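To start, the structure itself, in structure tokens.
Computed from a predicted structure; not experimentally measured. Throughout, a chain's letter reflects where its sequence line sits, starting with A, and its residues are numbered from 1.
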Protein chains: 2
Amino acid sequence: MDFLQQLGPVALGSRLRRLSEHLTGEAAGIYADYGLSFQPRWYPVFYLVAQQPGITSQEIVEQIGHTHASVSQIVKELVRQGLLVMAVDAQDQRRRRLQLTPAGHEVLPSLRVQTEDVGRVMQVLVSEGSPGLWQALTALEEQLRRQPLRARVAVTRAAREGAPVVVRDFRAGDQPAFRALNVDWIERHFALEPADLKALDQPEHYILTPGGCILLAEMGGQVVGACALLKQDEHSYELAKMAVSPAVQGRRIGQRLGEAAVQRARALGARRVYLESNTKLTAALGLYHKLGFQHLPQAIPSPYARANVQMELVLH
Amino acid sequence: MDFLQQLGPVALGSRLRRLSEHLTGEAAGIYADYGLSFQPRWYPVFYLVAQQPGITSQEIVEQIGHTHASVSQIVKELVRQGLLVMAVDAQDQRRRRLQLTPAGHEVLPSLRVQTEDVGRVMQVLVSEGSPGLWQALTALEEQLRRQPLRARVAVTRAAREGAPVVVRDFRAGDQPAFRALNVDWIERHFALEPADLKALDQPEHYILTPGGCILLAEMGGQVVGACALLKQDEHSYELAKMAVSPAVQGRRIGQRLGEAAVQRARALGARRVYLESNTKLTAALGLYHKLGFQHLPQAIPSPYARANVQMELVLH
DNA sequence: TACTTTTGTGTAAGTACTTACATAATTTAG
DNA sequence: CTAAATTATGTAAGTACTTACACAAAAGTA
């Protein structure tokens with residue numbers, strides 16, 4: 001009957017829009033039931049002004065995630081409805097501070113009551129009726145933020161077309177990709193730690209400047225893998241931040257990166273390469289073993305809570 | 001950071017719209033990557049015409065769930081782009097049969113390839129990244145179809161305000177509510193059976209005409225509970241299709257319905273009331289016991305697979 | 001100090017749909 | 001066999017946002 005459902009995930013966008021439209025339509029009717037001549041789309045803005053009197057448009061934008069144009073339009077309408085007043089800020093004349101009018105305060109109680117009833121219904125719908133919807137949406141948004149759909153498709157395409165994998169050095173502008181790849185697997189298996197954030201947010205400062213290097217695997221114009229060599233001392237480097245995009249796992253990209261890293265370490269004058277890992281990461285441990293790394297007795301203190309395996313490769 | 005998330009399920013609509021917009025925007029970029037000057041919104045229509053040459057606009061509408069206006073506009077654009085041709089049907093001159101042009105056929109292969117790549121990515125995103133999203137959406141849509149949000153809120157409000165519960169007889173137009181209430185709990189605990197569908201789809205024919213009756217509990221203008229008496233013979237009735245909306249459970253509405261049903265059975269000249277239930281439904285069994293029903297040894301064959309308890313109330 | 005850049009806001013136009021209205025061809029009813 | 005209802009389609013205008021452009025006030029810079 002419903003073709004979109006049969007078509008599969010491709011039509012997700014269309015489907016979400018339809019659901020959204022349906023919910024908004026219902027919401028309009030519900031406001032009417034409560035005797036409120038109030039539009040659903042006003043709600044977030046009105047609510048924020050009620051909660052934080054004197055808030056500016058820009059602050060609202062930051063909190064609700066719409067564009068400033070949208071907020072500007074909603075504010076204009078609310079002012080015209082006599083529910084909000086706008087006053088130019090004394091210190092900064094660009095800012096307009098918003099407040100509820102007496103009429104706005106009058107609407108507030110019934111709005112609160114209605115919100116509570118709707119909230120209760122939605123709670124039942126979302127938690128009992130369709131468990132996991134909220135978390136699934138959050139997860140999807142997070143995934144898309146980490147790597148946009150377009151980039152994911154590009155990677156999949158390149159993989160399908162058997163595009164060559166190129167290993168190259170980190171360049172300016174690679175930081176977001178480097179970060180995303182690592183955040184992805186770390187959050188999948190463990191939790192991000194302060195030491196991760198330092199290295200991932202400012203790789204130049206924490207990795208390159210001290211004499212280390214970052215290698216990236218590129219396929220079809222997309223960064224699909226990464227690893228880093230951190231300089232420990234003149235003849236010793238640590239291999240870390242090894243990550244490969246799930247879309248291209250199984251194509252020996254990790255091996256290519258690992259080999260390139262060892263080769264680079266040798267070129268940099270290393271006599272040994274050290275690494276930390278976790279027993280959960282069996283694929284990675286297999287790779288390290290293949291590269292010639294040997295297990296060390298757990299001895300050296302690590303800044304990472306997840307490290308429960310330490311390995312070393314002695315270079316001749 | 002994201003206020004909508006903190007606000008809770010009330011903002012679900014807005015959130016879905018944002019996600020939808022994001023996905024559509026990404027899709028447009030992906031088409032460009034594949035060298036297609038093709039808009040995402042064309043896809044379902046174009047796809048259907050490719051699959052079913054000679055399809056009419058109306059048939060497309062039925063399959064993709066958009067309005068006819070939307071399909072009409074998309075078709076117009078596709079014709080203007082030279083991807084589709086429209087021909088008036090010979091038998092029925094209102095119908096316009098659609099087909100791909102040679103240019104349309106030329107686009108098809110790269111579109112298919114692209115669709116497959118996108119599909120693979122979405123599969124990973126939706127199944128691994130945000131498990132349950134698809135089912136959760138389906139469940140939510142199903143719930144909303146069964147009872148619209150507005151009606152749910154009305155029930156919750158009436159319950160909060162302590163609105164009186166009125167038990168009354170089935171009237172014309174009550175069938176959808178009667179059906180929805182029962183489908184809801186049956187699908188929650190068991191599976192719908194053919195015998196259910198007969199009684200729920202045509203209650204007049206299968207319940208009222210043979211001499212039975214249907215009682216509904218109404219609160220705040222919404223039907224929140226139901227039960228039926230089916231005539232077995234001159235002095236024997238079966239109590240069935242007892243259902244109370246989850247939003248108002250715990251307010252003794254089941255008890256009100258049960259008492260009313262027993263009273264009605266007495267008025268109809270019954271000497272006994274019989275019922276079938278299931279051991280899983282402890283709340284219902286408790287209610288039946290309270291009403292004076294006694295367990296029978298499982299003996300009578302039932303048209304319902306879920307029936308594993310049989311009870312009887314002897315009226316004096 | 002004058003300049004460029006950034007920030008806060010507003011407006012116009014676009015988007016992917018919708019609802020509302022219109023019209024012709026066909027089917028149904030009396 | 002004609003009138004009324006239904007069906008298939010088209011178009012205009014609305015919706016809840018968006019992007020793109022504009023501009024003044026403030027902040028940073030030479």
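For B:Q73 and C:dT18, a side-chain-to-base donor-acceptor distance below 3.5 Å is present, hydrogens and geometry of angles not being considered. With hydrogens and angles ignored, no donor-acceptor pair closer than 3.5 Å exists between the side chain of B:Q93 and the base of D:dT9.
Both A:D89 and A:S70 lie close to DNA chain D; mapped to their nearest nucleotides by heavy-atom distance, the more 5′-ward contact belongs to A:S70.
Between B:K76 and D:dT9, a side-chain N or O to OP1/OP2 separation shorter than 4.0 Å is absent. Phosphate contact (OP1/OP2 of D:dA8, side-chain N/O of B:R95, threshold under 4.0 Å): present. For C:dA16, the OP1/OP2 oxygens have a side-chain nitrogen or oxygen of B:R41 closer than 4.0 Å. Note on B:S72: every side-chain N or O is 4.0 Å or more away from OP1 and OP2 of D:dT9.
From one end of the helix from C:dA2-D:dT29 to C:dG30-D:dC1 to the other, with five pairs defining each end axis, the axis direction shifts by 10° (rounded to 10°).
Residue B:R112 qualifies as open at atom CZ: its count of foreign heavy atoms under 6.0 Å is 12 or below.
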Each nucleotide N or O in nucleotides 20-24 of chain C that has a protein N or O under 3.5 Å away: list the pair and distance.
none

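Under the 3.5 Å distance criterion, with hydrogens and angles disregarded, a donor-acceptor pair is assigned to the side chains of B:Q52 and B:Q63.
The stretch residues 20-27 of chain B does not touch DNA chain C, since none of its heavy atoms comes less than 4.0 Å from the strand.
Residue B:Q91 is in sugar-phosphate contact alone, with no base atom involved, counting any heavy-atom pair closer than 4.0 Å across all strands shown. Within the 4.0 angstrom heavy-atom criterion, only backbone atoms of the sugar-phosphate kind lie near A:S57; the bases stay farther away.
A perpendicular orientation is assigned to the rings of B:F38 and B:Y43, their planes being inclined by more than 60° (bins at 30° and 60°).
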